[in-house]
Amino acid sequence: MLKMIVSDMDGTLLNDKMTVSPGNIAAIEEATKAGAEFVVATGRGLTEAQPLVADLTVKPAFITLNGARVFSETGELLVDLPIPQGLVTKLRRDIEAEGYYYELVTNRGIFSESKVRRIQNVADVLTRLNPDTSFKIAVVLASARLELMNIHYVDSFDSLLVDPTVEVLKMLVFDSRGQAAFAPIREAYDANAGLVITSSSPNNIEINSVEAQKGLALARLAKLRGYAMTDVMAIGDNLNDESMIASAGMGVAMGNAVPAIKKIAQYVTATNIQDGVAQAIRWGLAAKPAAQAKARV
């Protein structure tokens with residue numbers, strides 16, 4: 001029986017306008033009435049994610065920052081897994097040496113050293129996730145949405161990190177050249193047992209504590225709720241969703257998902273602009289276990 005539905009945001013729950021469609025909202029309501037809990041799992045921080053799902057009539061729990069922080073539906077902090085300070089210092093040095101633009105996601109919010117580059121990178125993500133959206137429109141959407149989010153701009157990260165109470169929960173690194181540009185960082189840190197490097201877009205990498213993964217966070221939350229993983233559905237589209245799709249009893253890839261995610265999923269649903277989350281939810285509510293293990297569209 002389906003007891004928990006966990007959905008990624010960008011490229012999954014959110015459409016090309018960065019909103020939750022009425023169709024997806026209706027399906028989430030149906031699932032809730034049927035006894036299934038809805039959870040948002042995102043690479044975003046809580047204050048950045050909440051405004052984007054404000055139209056949901058069901059108040060969800062949040063797995064944020066790829067699992068570095070987990071919050072109950074009432075906002076209670078359940079999990080807190082920062083990157084060790086020594087690793088932050090080393091990462092910053094190597095990231096800056098390569099000339100990447102990057103942001104720090106902390107317990108005080110999200111910090112950037114450039115508003116212009118922030119908007120450019122969000123717009124680039126939008127156009128890659130939604131090919132029918134022009135870059136010009138994406139810039140407008142990114143600028144409008146950033147006004148709703150808790151983004152802090154500083155002249156230098158040094159002024160932030162002198163405070164020992166600041167925790168860096170995730171480092172988000174961008175390069176318009178794509179994944180090949182990140183090879184130096186992946187080669188230097190992929191073997192480091194203290195970090196995990198994933199991606200939510202072709203032009204970024206996301207660096208977390210090795211314990212901060214969506215799949216691990218999902219397992220912790222399901223255990224806390226008393227749910228078996230066989231009764232959990234996870235829906236996503238990109239590499240930072242891999243661990244939760246692999247660990248859930250019902251792993252679902254979006255129609256617009258990258259090939260690696262489609263390969264491990266049990267079911268491939270419609271795209272994020274075709275209410276793919278709604279289709280997946282209704283499949284999960286209706287399908288028999290044997291059909292769930294085989295279904296693909």
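Residue numbers run from 1 in the order of the sequence given. Quick caveat, the model's predicted, so the values are computed rather than measured.
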Taking only residues two or more places apart in sequence, or in another chain, which ones meet [X] in a side chain to side chain donor-acceptor pair (under 3.5 Å)?
{"X": "Tyr100", "result": "none"}
{"X": "Ser72", "result": "Thr74"}
{"X": "Thr165", "result": "Arg108, Asp163"}

Problem - Leu13 and Phe38, any side-chain heavy atoms less than 4.5 Å apart - result: yes

Problem - Glu96 atom CD, neighbour heavy-atom count above 12 within 6.0 Å - result: yes

For the backbone of [Y] and the side chain of [X], can you confirm whether one donor and one acceptor N or O come within less than 3.5 Å of each other?
{"X": "Gln213", "Y": "Asp241", "answer": "no"}
{"X": "Asn208", "Y": "Gly67", "answer": "no"}
{"X": "Gln266", "Y": "Gly249", "answer": "yes"}

Any ion pair linking [Y] and [X] (charged N to carboxylate O, less than 4.0 Å)?
{"X": "Glu76", "Y": "Arg69", "result": "no"}
{"X": "Arg282", "Y": "Glu30", "result": "yes"}
{"X": "Glu48", "Y": "Arg118", "result": "yes"}

Practice task
Decide if the gap between the ring center of Phe174 and the ring center of Tyr101 is smaller than 6.0 angstrom.
Solution key: yes

Exercise for the section: Could you tell me how the ring of Phe157 sits relative to the ring of Tyr102: parallel (under 30°), tilted (30 to 60°) or perpendicular (over 60°)? Expected result: tilted

Handout entry: Among Val88, Ile95, Thr89, Asp94, side-chain contact (heavy atoms from CB on, under 4.5 Å) partner for Arg92
Key = Val88

Exercise for the section: With sequence neighbours left out, write down each residue that passes ring-ring contact (aromatic ring centres under 6.0 Å, His included) with Tyr227, or none if nothing qualifies. Expected result: none

Handout entry: Listed once per pair and sorted, the side chain to side chain donor-acceptor pair (under 3.5 Å) pairs that draw on residues 50-65, sequence neighbours left out
Key = Glu29-Thr57

Exercise for the section: For Glu211, enumerate each residue passing the salt bridge (Lys or Arg N to Asp or Glu O under 4.0 Å) test, keeping only those at least two apart in sequence or located in another chain. Expected result: Arg220

Handout entry: Ala248 to Met233 - nearest heavy-atom pair and separation
Key = CB-C, 4.3 Å

